[in-house]
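Data first, discussion second: the structure below is written as structure tokens.
Chain letters run A, B, ... following the sequence lines, proteins first, then strands; residues in each count from 1.
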Amino acid sequence: MLISREFFARPSVEVAPDLLGRVLEHETADGVVAVELTEVEAYAGRSDPASHAYRGKTQRNAVMFGPPGHAYVYFTYGMHFCVNMVCLGEEGSASAVLLRAGAITAGEDLARARRTRSENRLAPRDLARGPARLCQALAIDRSQDGADVCVASSPLRMLGAAGNPARSGTVLARGDDPPRPPRRILTGPRVGVSSAAEIPWRFWYDGDPTVSVYRPHVPRRPKLVTP
DNA sequence: ATGAAGATTGCCT
DNA sequence: GGCAATCTTCATG
């Protein structure tokens, strides 16, 4: 079941905890990989010093200023991609939710192949444990920037989870997972942000092994040049 | 034009 | 726990 655009047309702080347990699916020529979200972070946009949208609209963050239900993908540290879901706060607020981690629910072999660097076999919990790892497992890059996740024809789409309220009471088809019991959601400071670090806008499933480890922001030392 | 910092990760000691 | 990798974006001169 596809998630509606109205779902995303709320402040990101409301959307973020609601995204836990939802499934992001990406279909490419190689196949489908899906991830059930276990950790997210809300960014408020223009009013949030930690948001990429804080200083206004640029070429990079333009999608965040557009309609909700689209993917904002950015490139960082010269090698990593991270994906957000655009939400709606106040008009033009450019709020979004960063997808930080999840559990692979489909296409595990393909996800592992994309994530594998060395000979070591990655454990399932490590396939999408962290925002850049999640993108790598799903093969998300800047070409998915602006993708609409609310239409069935999109290669990148957001689905409701098995056992979510919309499906309770329906007869499960053979092979479907049974509904799961509700899970406790914890909240705390966002990972690696230098400003507004005290605001608890990170949400995750208590005790879930796929949730990334918390790290406070640490400024990197300037490159040292010795003549 | 130039430089510093970054919503991170993996490998090293 | 420390640090390098790697490059885009943004701010400043």
Side-chain angles (χ1 to χ4, degrees), chain A residues 11-13 15-17 19-20 24 35 37-65 70-87 89 93-102 111-123 125-146 187-204 209-227:
Chain A
S12 57
V13 182
V15 174
L19 273 176
L20 296 178
L24 182 69
V35 62
L37 302 176
T38 60
E39 179 191 358
V40 298
E41 281 176 0
Y43 287 82
R46 294 307 299 265
S47 61
D48 181 3
S51 170
H52 289 168
Y54 181 57
R55 297 172 195 284
K57 185 176 178 178
T58 65
Q59 186 173 6
R60 173 212 213 186
N61 65 23
V63 169
M64 273 199 288
F65 290 80
H70 291 253
Y72 162 51
V73 183
Y74 68 89
F75 182 63
T76 190
Y77 288 102
M79 64 191 89
H80 298 305
F81 297 96
C82 297
V83 62
N84 298 252
M85 294 298 121
V86 176
C87 302
S93 66
S95 66
V97 176
L98 171 69
L99 310 185
R100 285 200 55 90
R112 179 176 289 108
R114 287 167 173 163
R115 285 269 297 119
T116 296
R117 295 277 166 227
S118 63
E119 301 171 5
N120 309 333
R121 180 185 176 84
L122 284 167
R125 70 172 57 174
D126 292 322
L127 294 176
R129 191 187 198 197
R133 292 166 168 179
L134 186 153
C135 279
Q136 190 173 28
L138 297 211
I140 293 172
D141 59 30
R142 278 289 280 178
S143 60
Q144 275 71 52
D145 187 47
T187 184
R190 294 173 290 186
V191 176
V193 304
S194 54
S195 48
E198 72 289 352
I199 302 179
W201 280 349
R202 176 185 184 222
F203 303 89
W204 68 94
T210 65
V211 172
S212 68
V213 295
Y214 177 75
R215 288 198 287 289
H217 174 74
V218 180
R220 296 162 56 204
R221 68 161 173 73
K223 183 162 73 174
L224 185 62
V225 179
T226 45

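- As rounded to whole Å, 17 Å separates atom C1' of C/dG1 from atom OH of A/Tyr214.
- Contact between A/Asp145 and A/Arg60 at its shortest, heavy atoms only, is OD2-O, 4.4 Å.
- The side chain of A/Leu98 lies closest to B/dA7 when the candidates are B/dT8, B/dA7, C/dT6.
- A/Arg220 contributes a side-chain N or O that forms a donor-acceptor pair with the base of C/dT6 under 3.5 Å.
- Each of B/dT8, C/dT9, C/dT6 was ranked by its minimum atom distance to the side chain of A/Ala132; first place goes to B/dT8.
- In this pair, A/Phe81 and A/Phe75 present their aromatic rings tilted. The plane angle is within the 30 to 60° band.
- Closest non-hydrogen pair, A/Met85 versus A/Ala71, comes out as CE-CB, 4.2 Å.
- Here C/dC7 presents its P atom at 11 Å from CZ of A/Phe81, a figure rounded to the nearest Å.
- Put simply, A/His52 has a side-chain N or O that comes within less than 4.0 Å of OP1 or OP2 on B/dA7.
- Checking B/dA7 for Watson-Crick or G-U wobble geometry (two distances, each under 3.5 Å) identifies no partner in any strand.
- Here B/dA7 presents its P atom at 12 Å from CG of A/Asn61, a figure rounded to the nearest Å.
- For A/Arg114 (side chain) and A/Ala137 (main-chain N/O), a donor-acceptor pair under 3.5 Å exists by modelled atom type.
- Here A/Arg55 reaches the OP1 or OP2 of C/dA11: one of its side-chain N or O atoms lies under 4.0 Å away.
- For B/dA7, neither phosphate oxygen OP1 nor OP2 lies less than 4.0 angstrom from any side-chain nitrogen or oxygen of A/Ser194.
- Distances shorter than 4.0 Å separate some side-chain N or O of A/Thr58 from OP1 or OP2 on C/dC10.
- Residues A/Met79 and A/Arg142 each lie close to DNA chain C; by heavy-atom proximity, the contact nearer the 5' end of the strand is made by A/Met79.
- Taking only side-chain atoms of A/Cys82, from C-beta outward, the nucleotide of B/dT9, B/dT8, C/dT9 with the closest atom is B/dT8.
- We find that OH of A/Tyr77 is positioned 8 Å from C1' of B/dA7, with the value rounded to whole Å.
- On a pure distance criterion of 3.5 Å, no polar donor-acceptor pair joins the side chain of A/His217 and the base of B/dA7.
- Across all strands shown, the partner of C/dT12 is B/dA1, judged by Watson-Crick or G-U wobble contacts whose two distances both fall under 3.5 Å.
- Taking only distance into account, the side chain of A/Arg117 never meets the base of B/dG10 through a donor-acceptor pair shorter than 3.5 Å.
- Taking atom CZ on A/Arg215 and atom P on B/dA7, their separation rounds to 13 Å, with Å as the unit.
- A/Val211 approaches A/Thr38 most closely through the heavy-atom pair CG2-O, 3.7 Å.
- Here A/Tyr74 does not lie in a stacked arrangement on the base of B/dA7, lacking the combination of planes under 30° and ring centres under 5.5 Å apart.
- In this pair, A/Tyr43 lays its aromatic ring flat on the base of B/dA7, centres within 5.5 Å and planes under 30 degrees apart.
- Put simply, CZ on A/Phe203 is 15 Å from C1' on B/dA7, counting in whole angstrom units.
- For A/Arg115, the CZ atom sits in a packed shell: over 12 heavy atoms of surrounding residues, nucleotides or ligands are nearer than 6.0 Å.
- Across B/dA7, B/dT8, B/dG10, the shortest atom-to-atom separation from the side chain of A/Val191 is found for B/dT8.
- Within 4.0 Å (heavy atoms only), A/Arg115 reaches sugar-phosphate atoms of the nucleic acid but no base atom.
- Residue order along DNA chain B, read from the 5' end via each residue's closest nucleotide, puts A/Val83 first among A/Arg133 and A/Val83.
- When the shell of 6.0 Å around CZ of A/Arg142 is examined, it contains more than 12 heavy atoms from other residues, nucleotides or ligands.
- Atom CG of A/Leu99 and atom C1' of B/dA7 are 12 Å apart (whole Å).
- Rounded to an integer number of Å, the gap from A/Gln136 CD to B/dA7 C1' is 17 Å.
- The side chain of A/Arg100 lies closest to B/dA7 when the candidates are B/dG10, B/dA7, B/dG6.
- Ranked by how close their nearest DNA chain B nucleotide is to the 5' end, A/Ser118 and A/Val193 are led by A/Val193.
- B/dT2 and C/dT6 have their P atoms separated by 23 Å, given to the nearest Å.
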